[in-house]
Amino acid sequence: KNPNDGFGTGFTDWTTGSMVAWWPPYDMAFALYDEPLNNDLAVTELISPLTSELLTANENVTVKVKNEGANTITDFDISYQINGGSVITENVTGVNIGLNEFYEYTFSAQADLSVAGPYEINIEIDLSGDENDTNDMMTSTVYNLGTLYQMENGNTSQEFTTCSGTFVDMGGLDGGFEMTDFGTTTIHPGTPGSRVRLTFLQFDVGWSDFNIYDGVDTNAPLIGNFNDGSDFPGEITALNTSGALTIEFIAPGWDTGEG
């Protein structure tokens, strides 16, 4: 069996006469399998919700499962749990899922993802007589990005005051930065006495200068200079009394990136 859909061709069964290399060359991502178990249902993908700035209090939760067993599946239980909260369990009946077939299920109980922040979604399936429990669970983290705060090209004195939201480069959420983009943004905490914390979900600035300062401007102590040649910033928290962080971005003049 070739678990990668025959390199997109759909040829998943290998025989003694199978061609296993042709031009252009392919990585040999195939494996040998024994006969399938009789009962084996696997959860494979969280289709929705996905990370967005538009998540609401009424989000559909849709999951893809696959029958890895020889027996046709006609019913099973499926559940989801968000951020360690209540477990929502529903029974799926009236289906007919054959060997190696996929099935998508949308829960009748919707999820409230209206508050900006991360949501850890645990999915679990329960098939009567399942002989393999290693593929019965999966965890996916979805982010409500909240209000978008976009760095303005050429502005060296941009300021935001907020308790939450998502900071993006000049290209916005779906774009990147251009070769000559530059800007400086100071983020102030929305609550007096609080401190700004930056948690990076994506970071691709090429060989630009991306500097973070612990304070209200670029005269504050430098926390770090980050680019593709440095470590991923991860999580940065203000330590100064104002609670602010200042971000300075200068593209190199010859490189672009996703930001």
Asks: Residues in salt bridge (Lys or Arg N to Asp or Glu O under 4.0 Å) with Arg195, at least two apart?
Replies: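 Testing Arg195 for salt bridge (Lys or Arg N to Asp or Glu O under 4.0 Å), a comparison that skips the adjacent residues, returns none.
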
Asks: Are a donor atom and an acceptor atom from the side chains of Asn58 and Asp112 found within less than 3.5 Å of each other?
Replies: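 Side-chain D/A pair, Asn58 to Asp112: absent.
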
Asks: Keeping Thr246 on the side-chain end and Asp217 on the backbone end, is there a donor-acceptor pair under 3.5 Å?
Replies: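 Confirmed, Thr246 side chain pairs with Asp217 backbone.
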
Asks: Looking just at side-chain N and O atoms, do Tyr80 and Glu90 make a donor-acceptor pair shorter than 3.5 Å?
Replies: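 Tyr80 vs Glu90: no donor-acceptor pair found between side chains.
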
Asks: Partners of Glu120 by salt bridge (Lys or Arg N to Asp or Glu O under 4.0 Å), sequence neighbours excluded?
Replies: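 Listed in chain order: nothing, the list is empty.
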
Asks: Only pairs at least two apart or in different chains count here, so list each ring-ring contact (aromatic ring centres under 6.0 Å, His included) that has a residue in residues 125-147.
Replies: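 Listed once each, the pairs would be none.
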
Asks: Any idea which heavy atoms bring Asp40 and Asn67 closest together, and the distance?
Replies: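 Looking at all heavy atoms of both residues, the shortest contact is O-OD1, 3.4 Å.
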
Asks: Mind listing the closest non-hydrogen atom pair of Thr185 and Phe167 along with its distance?
Replies: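 Closest heavy-atom pair between Thr185 and Phe167: CG2-CE1, 3.8 Å.
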
Asks: Show the nearest heavy-atom pair for residues Ala220 and Asp214, with the distance to one decimal.
Replies: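 Where Ala220 meets Asp214 most closely, the heavy atoms are CB-O, 3.4 Å.
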
Asks: Side chains of Asn60 and Thr62: is there a donor and an acceptor less than 3.5 Å apart?
Replies: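 No donor-acceptor contact under 3.5 Å links the two side chains.
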
Asks: For Thr156, what residues pass the side-chain contact (heavy atoms from CB on, under 4.5 Å) criterion, not counting sequence neighbours?
Replies: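 Thr156 satisfies side-chain contact (heavy atoms from CB on, under 4.5 Å) with Phe182, Thr184 once adjacent residues are dropped.
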
Asks: Going by the rule salt bridge (Lys or Arg N to Asp or Glu O under 4.0 Å), which residues pair with Glu68 if we only count those two or more places apart in sequence or in a different chain?
Replies: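 Applying salt bridge (Lys or Arg N to Asp or Glu O under 4.0 Å) to Glu68 gives Lys66.
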
Asks: Distance only, no hydrogens: is a donor on one side chain within 3.5 Å (strictly under) of an acceptor on the other, for Asp77 and Thr89?
Replies: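 Result is no, nothing qualifies.
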
Asks: Using side-chain heavy atoms (C-beta onward) and a distance below 4.5 Å, is Gln158 in contact with Glu152?
Replies: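 SC-SC contact between Gln158 and Glu152 confirmed.
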
Asks: List in chain and number order the residues that pass side-chain contact (heavy atoms from CB on, under 4.5 Å) with Thr166, two or more places apart in sequence or in another chain; answer none if no residue qualifies.
Replies: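 With sequence neighbours excluded, Thr166 shows a side-chain contact (heavy atoms from CB on, under 4.5 Å) to Leu145, Leu148, Val168, given in chain and number order.
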
